[in-house]
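Just below is one structure, and these are the notes that go with it.
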Amino acid sequence: MKAPKPYLVLPGTAREALTFYAETFGGTLELHTYAEFERTDGPPEAIAHGILDGRVALYASDAAEGESPLRTEGLMLSILGAADPTTLHAWFDALADGGHVIDPLEEREWGASNGQVVDRIGLHWLIGYEPT
């Protein structure tokens with residue numbers, strides 16, 4: 001098991017976010033509701049614990065009553081060299097759909113390729129690879 005794995009506490013959008021990431025990155029998705037965990041601090045259908053396990057692994061839940069949801073500044077999730085270039089370009093394009101490209105994924109002066117995108121969920125990604 002590689003660590004750390006980000007655990008996102010979201011404002012009622014954990015199901016949507018983890019489904020989006022599973023469609024983008026592949027992997028196995030598990031979603032467990034508040035009702036399944038017998039929690040009463042949120043709606044029964046809210047996600048109490050979600051797991052995306054694959055080449056990109058994430059955890060997420062819906063914020064409980066009184067809990068602050070995710071806000072990020074000064075944080076990037078880096079998936080440098082995590083897959084072949086074709087796959088990394090596909091991931092970048094999927095994350096950019098409904099998001100915002102900060103810096104296109106392209107070759108840099110030093111020979112490596114990278115780019116930055118903030119996806120529709122609000123996560124900032126750094127994606128890239130070294131030349132082969």
Side-chain angles (χ1 to χ4, degrees):
M1 177 172 112
K2 293 182 181 181
K5 292 181 186 175
Y7 200 114
L8 313 173
V9 178
L10 299 170
T13 58
R15 180 183 307 275
E16 173 191 344
L18 285 172
T19 300
F20 168 65
Y21 294 130
E23 291 168 354
T24 298
F25 301 119
T28 303
L29 179 61
E30 289 182 43
L31 298 173
H32 303 280
T33 65
Y34 275 45
E36 287 177 78
F37 282 15
E38 298 181 10
R39 289 181 57 177
T40 59
D41 54 341
E45 70 281 356
I47 301 301
H49 183 63
I51 305 163
L52 175 61
D53 191 25
R55 287 198 282 185
V56 174
L58 298 168
Y59 298 112
S61 66
D62 289 318
E65 293 173 11
E67 189 175 25
S68 296
L70 175 72
R71 291 184 325 221
T72 62
E73 289 183 21
L75 172 72
M76 282 189 283
L77 299 176
S78 170
I79 49 178
L80 297 170
D84 63 87
T86 301
T87 299
L88 290 166
H89 278 274
W91 289 353
F92 188 92
D93 292 344
L95 293 168
D97 185 19
H100 172 72
V101 173
I102 294 171
D103 194 14
L105 176 51
E106 59 190 21
E107 187 174 346
R108 305 299 170 182
E109 304 83 48
W110 57 90
S113 295
N114 67 40
Q116 296 179 40
V117 61
V118 175
D119 68 27
R120 66 179 96 168
I121 309 303
L123 294 183
H124 188 163
W125 298 88
L126 172 63
I127 300 175
Y129 52 91
E130 295 292 326
T132 54

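When all heavy atoms of L105 and S113 are compared, the pair lying nearest together is CD1-C, 4.0 Å. Between A64 and D41, the shortest heavy-atom distance links the atoms CB-OD2, 3.2 Å. Heavy atoms only, all atoms of each residue included: G122 and T72 are closest at O-OG1, 3.7 Å. Closest heavy-atom contact between G128 and L88: O-CD1, 3.4 Å. When all heavy atoms of R55 and A82 are compared, the closest pair comes out as CD-O, 4.0 Å. Residues L29 and L18 come closest through the heavy atom pair CD1-CB, 3.7 Å.
With contacts defined as side-chain heavy-atom distances shorter than 4.5 Å, the pair Y34/I47 does not qualify. Side chains of L52 and T28 form no contact here, defined as non-hydrogen atoms less than 4.5 Å apart. Side-chain atoms of T33 and R15, non-hydrogen and from C-beta on, do get closer than 4.5 Å to each other. Side chains of D84 and Y129 form no contact here, defined as non-hydrogen atoms less than 4.5 Å apart. In this structure the side chain of D103 never reaches within 4.5 angstrom of the side chain of V117, judged on heavy atoms. For the pair D97 and D119, the minimum side-chain heavy-atom distance is 4.5 Å or more.
The side-chain hydrogen bond (donor to acceptor under 3.5 Å, both in side chains) test applied to N114 returns R108, not counting sequence neighbours.
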>> Please evaluate residues H49 and Y7 with respect to the criterion side chain to side chain contact (heavy atoms under 4.5 Å, CB included), reporting the C-alpha separation (whole Å), side-chain torsions for both, the decisive distance (0.1 Å), and the verdict.
In response: CA-CA 9 Å; H49 183 63; Y7 200 114; 2.8 Å; yes
> Do K5 and L58 pass the side chain to side chain contact (heavy atoms under 4.5 Å, CB included) test, and can you show the C-alpha distance, the side-chain angles, and the key distance before you say yes or no?
Replying inline: CA-CA 6 Å; K5 292 181 186 175; L58 298 168; over 6 Å; no
> Under the side chain to side chain contact (heavy atoms under 4.5 Å, CB included) criterion, do W125 and V118 qualify, and how do the steps go?
Replying inline: CA-CA 6 Å; W125 298 88; V118 175; over 6 Å; no
> Please walk me through it: do L95 and F25 pass side chain to side chain contact (heavy atoms under 4.5 Å, CB included)?
Replying inline: CA-CA 10 Å; L95 293 168; F25 301 119; 4.0 Å; yes
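Counting Ile, Leu, Val, Met, Phe, Trp and Tyr side chains that sit under 4.5 Å apart, directly or through other members, L80 shares a hydrophobic cluster with M76, L126.
Listed by first and then second residue, the side chain to side chain donor-acceptor pair (under 3.5 Å) pairs involving residues 61-70 amount to none (not counting sequence neighbours).
Tracing side-chain contacts under 4.5 Å through hydrophobic residues (I, L, V, M, F, W, Y), one reaches L31 starting from I121; they form part of the same cluster. When hydrophobic clusters are built by joining Ile, Leu, Val, Met, Phe, Trp and Tyr residues whose side-chain heavy atoms come closer than 4.5 Å, directly or via intermediates, I102 is not grouped with L123. A chain of hydrophobic side-chain contacts below 4.5 Å, direct or via other Ile, Leu, Val, Met, Phe, Trp or Tyr residues, connects F92 to L77. Put simply, I51 and L8 are part of two different groups of oily side chains (I, L, V, M, F, W, Y) that touch within less than 4.5 Å, one to the next.
Between H124 atom NE2 and H100 atom NE2 the span is 9.0 Å, to the nearest 0.5 Å. In this structure, the separation between CD1 on I127 and CD1 on I79 is 4.0 Å, given to the nearest 0.5 Å.
By the 6.0 Å contact criterion, CD on E38 is open, its count of non-hydrogen atoms from other residues, nucleotides or ligands being 12 or less. The neighbour count for R39 CZ, taken as heavy atoms of other residues, nucleotides or ligands under 6.0 Å away, is above 12.
For W91 and F20, the ring centers sit 6.0 Å or farther from each other.
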